[in-house]
Amino acid sequence: MDSKIEQGIEDIYGFIESCKMQSFSTTKVIVPKNDLYDLLDDLRRDVPTELKRFRKILNQRDAILEDAEKKAAEILAEARKQYSVLVEEHNIMQEAYQQAEATVQQANAQAEEIVENARKQANEIANGALYYTADMLDMAEKALSNAYDSTVNNAKALEVALGGHLEIIRQNRAELALPEEAAPVSASAASGRNQDEKKQAYEEEYAADKE
(Lines give C-alpha, C1' and ligand atoms only; values in the text may rest on other atoms or scores of the structure.)
Protein backbone atom coordinates (compact mmCIF):
# COMPACT_ATOMS: atom_id res chain seq x y z
CA MET A 1 0.00 0.00 0.00
CA ASP A 2 1.55 3.31 -1.14
CA SER A 3 1.62 6.03 1.51
CA LYS A 4 2.59 9.69 1.30
CA ILE A 5 3.42 9.56 5.01
CA GLU A 6 5.92 6.77 4.42
CA GLN A 7 7.42 8.64 1.45
CA GLY A 8 7.66 11.85 3.53
CA ILE A 9 9.49 10.01 6.29
CA GLU A 10 11.89 8.48 3.76
CA ASP A 11 12.52 11.98 2.34
CA ILE A 12 13.37 13.31 5.84
CA TYR A 13 15.74 10.39 6.49
CA GLY A 14 17.39 10.89 3.13
CA PHE A 15 17.69 14.65 3.68
CA ILE A 16 19.36 14.20 7.09
CA GLU A 17 21.74 11.61 5.65
CA SER A 18 22.72 14.07 2.90
CA CYS A 19 23.50 16.91 5.33
CA LYS A 20 27.09 17.95 5.93
CA MET A 21 28.75 16.51 9.04
CA GLN A 22 29.57 18.97 11.80
CA SER A 23 33.28 19.68 12.28
CA PHE A 24 35.08 17.34 14.68
CA SER A 25 31.96 15.16 15.05
CA THR A 26 30.99 11.78 13.63
CA THR A 27 27.37 11.82 14.82
CA LYS A 28 26.15 15.40 14.37
CA VAL A 29 25.20 17.03 11.08
CA ILE A 30 24.45 20.59 10.04
CA VAL A 31 20.77 20.69 9.09
CA PRO A 32 19.48 23.62 6.96
CA LYS A 33 16.48 24.70 8.98
CA ASN A 34 14.36 26.00 6.09
CA ASP A 35 14.81 22.85 4.00
CA LEU A 36 13.91 20.66 6.97
CA TYR A 37 10.83 22.78 7.69
CA ASP A 38 9.74 22.36 4.05
CA LEU A 39 9.88 18.56 4.39
CA LEU A 40 8.02 18.69 7.71
CA ASP A 41 5.37 20.95 6.19
CA ASP A 42 4.90 18.44 3.35
CA LEU A 43 4.53 15.64 5.88
CA ARG A 44 2.07 17.65 7.99
CA ARG A 45 0.04 18.41 4.83
CA ASP A 46 -0.06 14.76 3.75
CA VAL A 47 -1.01 13.30 7.16
CA PRO A 48 -4.68 14.48 7.06
CA THR A 49 -5.05 13.13 3.52
CA GLU A 50 -3.71 9.74 4.52
CA LEU A 51 -5.89 9.64 7.60
CA LYS A 52 -8.94 10.37 5.43
CA ARG A 53 -7.89 7.50 3.22
CA PHE A 54 -7.73 5.10 6.16
CA ARG A 55 -11.05 6.39 7.51
CA LYS A 56 -12.57 5.59 4.13
CA ILE A 57 -11.24 2.04 4.44
CA LEU A 58 -12.75 1.77 7.91
CA ASN A 59 -16.07 3.06 6.60
CA GLN A 60 -16.12 0.14 4.18
CA ARG A 61 -16.68 -2.09 7.19
CA ASP A 62 -20.06 -0.52 7.86
CA ALA A 63 -20.94 -0.74 4.18
CA ILE A 64 -20.05 -4.44 4.08
CA LEU A 65 -22.10 -5.18 7.19
CA GLU A 66 -25.03 -3.15 5.88
CA ASP A 67 -24.93 -4.99 2.56
CA ALA A 68 -24.77 -8.36 4.33
CA GLU A 69 -27.72 -7.51 6.57
CA LYS A 70 -29.68 -6.36 3.52
CA LYS A 71 -29.01 -9.62 1.71
CA ALA A 72 -29.96 -11.58 4.82
CA ALA A 73 -33.22 -9.64 5.11
CA GLU A 74 -34.00 -10.35 1.44
CA ILE A 75 -33.36 -14.06 1.95
CA LEU A 76 -35.59 -14.14 5.02
CA ALA A 77 -38.32 -12.24 3.18
CA GLU A 78 -38.15 -14.67 0.28
CA ALA A 79 -38.23 -17.60 2.69
CA ARG A 80 -41.32 -16.25 4.42
CA LYS A 81 -42.94 -15.71 1.03
CA GLN A 82 -42.21 -19.28 0.05
CA TYR A 83 -43.50 -20.40 3.43
CA SER A 84 -46.83 -18.66 2.80
CA VAL A 85 -47.08 -20.06 -0.71
CA LEU A 86 -46.41 -23.60 0.52
CA VAL A 87 -49.01 -23.30 3.24
CA GLU A 88 -51.61 -22.03 0.81
CA GLU A 89 -50.91 -24.53 -1.99
CA HIS A 90 -50.64 -27.74 -0.02
CA ASN A 91 -53.72 -29.44 1.35
CA ILE A 92 -51.71 -31.26 3.94
CA MET A 93 -50.84 -28.54 6.42
CA GLN A 94 -48.26 -30.59 8.26
CA GLU A 95 -46.20 -31.29 5.13
CA ALA A 96 -46.40 -27.67 4.09
CA TYR A 97 -45.33 -26.59 7.53
CA GLN A 98 -42.33 -28.92 7.57
CA GLN A 99 -41.18 -27.81 4.13
CA ALA A 100 -41.61 -24.16 5.02
CA GLU A 101 -39.81 -24.64 8.33
CA ALA A 102 -36.90 -26.28 6.58
CA THR A 103 -36.75 -23.44 4.10
CA VAL A 104 -36.74 -20.85 6.86
CA GLN A 105 -34.03 -22.69 8.80
CA GLN A 106 -31.88 -22.93 5.70
CA ALA A 107 -32.41 -19.26 4.98
CA ASN A 108 -31.48 -18.36 8.56
CA ALA A 109 -28.31 -20.44 8.32
CA GLN A 110 -27.34 -18.77 5.03
CA ALA A 111 -28.07 -15.32 6.45
CA GLU A 112 -26.01 -15.97 9.59
CA GLU A 113 -23.14 -17.29 7.48
CA ILE A 114 -23.20 -14.24 5.21
CA VAL A 115 -23.28 -11.85 8.19
CA GLU A 116 -20.49 -13.73 10.00
CA ASN A 117 -18.24 -13.77 6.92
CA ALA A 118 -18.93 -10.10 6.30
CA ARG A 119 -18.13 -9.27 9.93
CA LYS A 120 -14.81 -11.17 9.76
CA GLN A 121 -13.88 -9.46 6.50
CA ALA A 122 -14.78 -6.02 7.87
CA ASN A 123 -12.81 -6.64 11.08
CA GLU A 124 -9.75 -7.77 9.09
CA ILE A 125 -9.88 -4.63 6.94
CA ALA A 126 -10.39 -2.38 9.97
CA ASN A 127 -7.59 -4.01 11.99
CA GLY A 128 -5.21 -3.87 9.04
CA ALA A 129 -5.91 -0.18 8.50
CA LEU A 130 -5.53 0.63 12.21
CA TYR A 131 -2.20 -1.20 12.53
CA TYR A 132 -0.90 0.38 9.34
CA THR A 133 -1.92 3.86 10.50
CA ALA A 134 -0.31 3.27 13.90
CA ASP A 135 2.95 2.16 12.24
CA MET A 136 2.98 5.22 9.96
CA LEU A 137 2.34 7.60 12.87
CA ASP A 138 5.07 5.86 14.91
CA MET A 139 7.55 6.29 12.05
CA ALA A 140 6.53 9.94 11.66
CA GLU A 141 6.99 10.53 15.40
CA LYS A 142 10.48 8.99 15.34
CA ALA A 143 11.52 11.03 12.31
CA LEU A 144 10.25 14.29 13.83
CA SER A 145 11.90 13.46 17.16
CA ASN A 146 15.26 12.79 15.48
CA ALA A 147 14.99 16.00 13.47
CA TYR A 148 14.08 17.97 16.59
CA ASP A 149 17.01 16.50 18.60
CA SER A 150 19.41 17.27 15.76
CA THR A 151 18.19 20.89 15.55
CA VAL A 152 18.50 21.36 19.34
CA ASN A 153 22.02 19.90 19.36
CA ASN A 154 23.11 22.16 16.51
CA ALA A 155 21.66 25.19 18.30
CA LYS A 156 23.57 24.29 21.48
CA ALA A 157 26.79 23.84 19.53
CA LEU A 158 26.28 27.26 17.90
CA GLU A 159 25.65 28.83 21.32
CA VAL A 160 28.90 27.36 22.71
CA ALA A 161 30.87 28.52 19.66
CA LEU A 162 29.49 32.10 19.85
CA GLY A 163 30.22 32.20 23.59
CA GLY A 164 33.84 31.24 22.91
CA HIS A 165 34.24 33.96 20.26
CA LEU A 166 32.66 36.54 22.60
CA GLU A 167 35.08 35.64 25.38
CA ILE A 168 38.05 36.01 23.01
CA ILE A 169 36.83 39.48 21.93
CA ARG A 170 36.46 40.58 25.57
CA GLN A 171 39.96 39.34 26.38
CA ASN A 172 41.34 41.25 23.38
CA ARG A 173 39.57 44.45 24.52
CA ALA A 174 41.01 44.01 28.01
CA GLU A 175 44.51 43.67 26.58
CA LEU A 176 44.07 46.89 24.53
CA ALA A 177 42.88 49.02 27.52
CA LEU A 178 45.14 52.13 28.14
CA PRO A 179 46.68 52.83 31.57
CA GLU A 180 44.65 55.28 33.69
CA GLU A 181 47.34 58.02 33.69
CA ALA A 182 47.68 57.80 29.89
CA ALA A 183 43.97 57.96 29.23
CA PRO A 184 42.90 60.98 27.11
CA VAL A 185 41.49 63.93 29.07
CA SER A 186 37.82 64.55 28.43
CA ALA A 187 36.57 67.96 27.25
CA SER A 188 34.91 68.76 30.61
CA ALA A 189 38.06 67.85 32.56
CA ALA A 190 40.22 70.03 30.28
CA SER A 191 37.85 72.98 30.73
CA GLY A 192 37.99 72.65 34.52
CA ARG A 193 41.76 72.52 34.45
CA ASN A 194 41.96 75.73 32.36
CA GLN A 195 39.67 77.52 34.83
CA ASP A 196 41.87 76.48 37.78
CA GLU A 197 45.01 77.72 36.01
CA LYS A 198 43.37 81.11 35.25
CA LYS A 199 42.27 81.46 38.89
CA GLN A 200 45.78 80.70 40.19
CA ALA A 201 47.35 83.24 37.76
CA TYR A 202 44.88 85.93 38.89
CA GLU A 203 45.66 85.34 42.58
CA GLU A 204 49.42 85.52 41.95
CA GLU A 205 49.00 88.81 40.01
CA TYR A 206 46.82 90.30 42.80
CA ALA A 207 49.41 89.38 45.44
CA ALA A 208 52.20 91.03 43.44
CA ASP A 209 50.25 94.30 43.14
CA LYS A 210 49.73 94.43 46.91
CA GLU A 211 53.45 94.13 47.57
Side-chain angles (χ1 to χ4, degrees), residues 1-19 31 33-152:
M1 182 182 295
D2 296 333
S3 172
K4 292 183 179 180
I5 296 178
E6 186 175 7
Q7 183 61 45
I9 293 172
E10 291 296 331
D11 291 341
I12 292 175
Y13 273 114
F15 172 71
I16 294 176
E17 289 295 330
S18 67
C19 290
V31 180
K33 182 173 67 175
N34 291 335
D35 294 341
L36 178 59
Y37 283 169
D38 289 341
L39 292 175
L40 294 177
D41 288 339
D42 292 340
L43 182 61
R44 180 165 53 187
R45 184 191 63 242
D46 292 335
V47 164
T49 302
E50 291 298 290
L51 291 179
K52 288 181 181 179
R53 179 185 178 189
F54 296 134
R55 289 193 188 100
K56 184 177 181 181
I57 294 175
L58 293 176
N59 290 335
Q60 291 179 357
R61 173 187 178 183
D62 295 334
I64 292 173
L65 291 175
E66 183 179 354
D67 183 66
E69 291 173 356
K70 183 178 179 180
K71 290 181 179 178
E74 291 174 355
I75 291 174
L76 290 174
E78 182 64 24
R80 293 190 181 97
K81 182 178 179 180
Q82 291 180 9
Y83 174 84
S84 299
V85 171
L86 288 172
V87 171
E88 292 175 359
E89 290 181 351
H90 288 76
N91 296 325
I92 303 174
M93 298 299 298
Q94 186 64 30
E95 182 180 355
Y97 174 79
Q98 290 177 354
Q99 291 181 1
E101 187 67 23
T103 302
V104 171
Q105 290 179 357
Q106 184 180 4
N108 285 332
Q110 291 178 355
E112 290 177 358
E113 183 179 0
I114 290 175
V115 172
E116 183 63 24
N117 290 336
R119 184 178 292 108
K120 290 181 180 180
Q121 183 181 1
N123 287 336
E124 289 176 358
I125 293 175
N127 291 335
L130 288 175
Y131 283 119
Y132 186 78
T133 302
D135 290 341
M136 292 300 98
L137 292 177
D138 184 59
M139 292 176 64
E141 181 182 3
K142 290 180 180 179
L144 293 177
S145 178
N146 291 336
Y148 174 79
D149 292 340
S150 176
T151 302
V152 171

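These values consider heavy atoms only, across backbone and side chains, with no hydrogens, waters or symmetry-generated copies.
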### Message
My understanding is that only residues two or more places apart in sequence, or in another chain, count here; which of them pass salt bridge (Lys or Arg N to Asp or Glu O under 4.0 Å) with E116?
### Response
R119
### Query
Mind checking what makes side-chain hydrogen bond (donor to acceptor under 3.5 Å, both in side chains) contact with N108, not counting sequence neighbours?
none
### Message
Holding to side-chain hydrogen bond (donor to acceptor under 3.5 Å, both in side chains), I want the full list of residues that pass it with D41, two or more places apart in sequence or in another chain.
### Response
R44
Among all residues two or more places apart in sequence or in another chain, which pass the side chain to side chain contact (heavy atoms under 4.5 Å, CB included) test with [X]?
{"X": "E10", "result": "none"}
{"X": "E74", "result": "K70"}
{"X": "D67", "result": "K71"}
{"X": "I75", "result": "A107, Q110, I114"}

### Inter-residue atom distance D35.CG - L40.CG, 0.5 Å rounding
11.0 Å
### Query
Rounded to the nearest 0.5 Å, what separation is found between the CG atom of L76 and the CD atom of E69?
11.5 Å
### Query
Applying the side-chain contact (heavy atoms from CB on, under 4.5 Å) test to Q121, which of I125, N123, N117 qualifies?
I125
#### Entry: salt bridge (Lys or Arg N to Asp or Glu O under 4.0 Å): pairs with one or both residues in residues 121-138, sequence neighbours excluded
D138-K142
